[in-house]
Amino acid sequence: MSSTNPGVQQGHDGHAGLMELADVARELLRAAPADFVAERTARQRAVRKDDRDTAAAIGRLRKPAPAAWVIDLLAAEGALDEAVDLGPALREAQATADPRAIATLRRQRSGVVDALAQAGADLASDAGHPVTRAVLDQVRATIEAGMADPHAGAAIRSGLLVQPLESVGFEDVDLDGALAVPDAVPDAWSGSGAPPIDISEGRRPRKAGRASRPAQSDERPDDAPQPAAQEPDAQEPDAPEPVPRPDPAAERRAARQAETAARTESRDADAALDAAETDLEAAEDRRADLERELERATDEVARLERARDDAEAASDEARAVLAAAQEHRRSLGH
């Protein structure tokens, strides 16, 4: 989990400036994904003159992933409170290993998650940006993560989520890079608190370390056969090498490292996409300016052509008058 965001400075009146930035972030994260970059640029320009630090922090805000956007819409409606509040009951049932309570809560969790996912889909459609089934699966996984881990619960209720979450077994939910302004959500920081839960099979979490096994006494009954002493060379010469046992902790670390690397690549890709969208927006603005200039030039050409036609008509009329006058003068001379 991450408790700080190096891209956000807490100057500008300390806590008040941080909360102001968080409020701006919440508004931007609720905007339709297609409008995010334009809205962010507009907010950045609006505050740049008075507060360059906050403007720079706004410019660093990341566009949310589609599932995170849906979660932020639900958070703005206060719709996630019931799901997160269900977490303590789930953890209590897990701690007591009460099968009936766990089964009841599993059904309740499923109903709540499905209802929230449908509500999120409706909000996205109302905003003009319907989401796919795959995105809704990520929405469900994120809500379940918020129910399993109290820190993740604070994150999804904050309205500052920029990427979906996932609860893996009994591990803490990884919140690294998940929030637009992490410092504004201290309850999402790692620290002491109730452990995450997994009630998919009604199992209790096991403590880290060796698997528990019955203790063995060094004392043996008098009638127990004593193990025969083995000479150093008694081992079979062609005995197979012992197969190393897998290390689950190492595998989890490797999986987390791979996931962190993938998220870093995703963030870099998001930043590149945002930059490209900004460049595209500037190019479209320039194209609009050129189109307006072309339209003005076209109108001017049309006006000049009409003036030319009028001048030619006036010239022809003047020639005709001159010719008539000359003819009249010749007739008088005769």
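Residue indices begin at 1 and follow the sequence shown.
Between His129 and Trp69 the shortest side-chain heavy-atom distance falls below 4.5 Å. When side chains are defined from C-beta on, Pro64 does not count as touching Gln163, because their heavy atoms never get closer than 4.5 Å. Between Arg157 and Asp85 the shortest side-chain heavy-atom distance falls below 4.5 Å. Proximity of Leu179 to Val162: side-chain heavy atoms (C-beta onward) are nowhere separated by under 4.5 Å. Counting only heavy atoms from C-beta outward, the side chains of Val84 and Met147 never approach each other to under 4.5 Å. Contact check for Ile58 versus Leu28: side-chain heavy atoms found under the 4.5 Å cut-off.
Considering every non-hydrogen atom in both Pro164 and Ala67, the closest pair reads CB-CB, 4.0 Å. Closest of all the heavy-atom pairs between Leu74 and Gly120 is CD2-N, 3.7 Å. In terms of heavy-atom proximity, Leu136 sits nearest to Ala117 at CD2-O, 3.6 Å. Nearest heavy atom pair, residue Gly159 against residue Leu29, reads O-CD1, 3.7 Å. The nearest pair of heavy atoms linking Val131 to Ala121 is CG2-CA, 4.5 Å. Considering every non-hydrogen atom in both Leu160 and Asp72, the closest pair reads N-OD1, 3.5 Å.
The CD atom of Glu295 sits 5.5 Å away from atom CG of Asp299, with the distance rounded to the nearest 0.5 Å. Expressed to the nearest 0.5 Å, how far CZ of Arg43 lies from CZ of Arg48 amounts to 13.5 Å. If you take CD on Gln138 and CD1 on Ile71, they are separated by 10.0 Å, rounding to the nearest 0.5 Å. Here the CG atom belonging to Asp137 is positioned 8.0 Å from the OG1 atom belonging to Thr132, to the nearest 0.5 angstrom. The CZ atom of Arg26 sits 10.0 Å away from the CG atom of Leu21 when rounded to the nearest 0.5 Å. The distance from the CD1 atom of Ile156 to the NE2 atom of His151 is 14.0 Å, given to the nearest 0.5 Å.
Looking only at atom types and distance, the side chain of Asp114 has no donor-acceptor partner in the side chain of Gln118 under 3.5 Å away. A side-chain donor-acceptor contact under 3.5 Å links Arg319 and Ser315.
Formation of a donor-acceptor pair under 3.5 Å by the Ser158 side chain with backbone atoms of Ala155 is found in this model. Panel note: side chain Arg140, backbone Val113; no donor-acceptor pair is recorded below 3.5 Å. Proximity of a side-chain donor or acceptor of Thr54 to a complementary backbone N or O of Asp51 within less than 3.5 Å is not detected.
Atom CD of Glu27 has more than 12 heavy atoms from other residues, nucleotides or ligands within 6.0 Å. With a 6.0 Å radius and a threshold of 12 heavy atoms from other residues, nucleotides or ligands, Glu291 has its CD atom above the threshold. By the neighbour-count criterion of 12 heavy atoms within 6.0 Å, atom CD of Gln326 is densely surrounded, having more than that number from other residues, nucleotides or ligands. When the shell of 6.0 Å around CZ of Arg308 is examined, it contains more than 12 heavy atoms from other residues, nucleotides or ligands.
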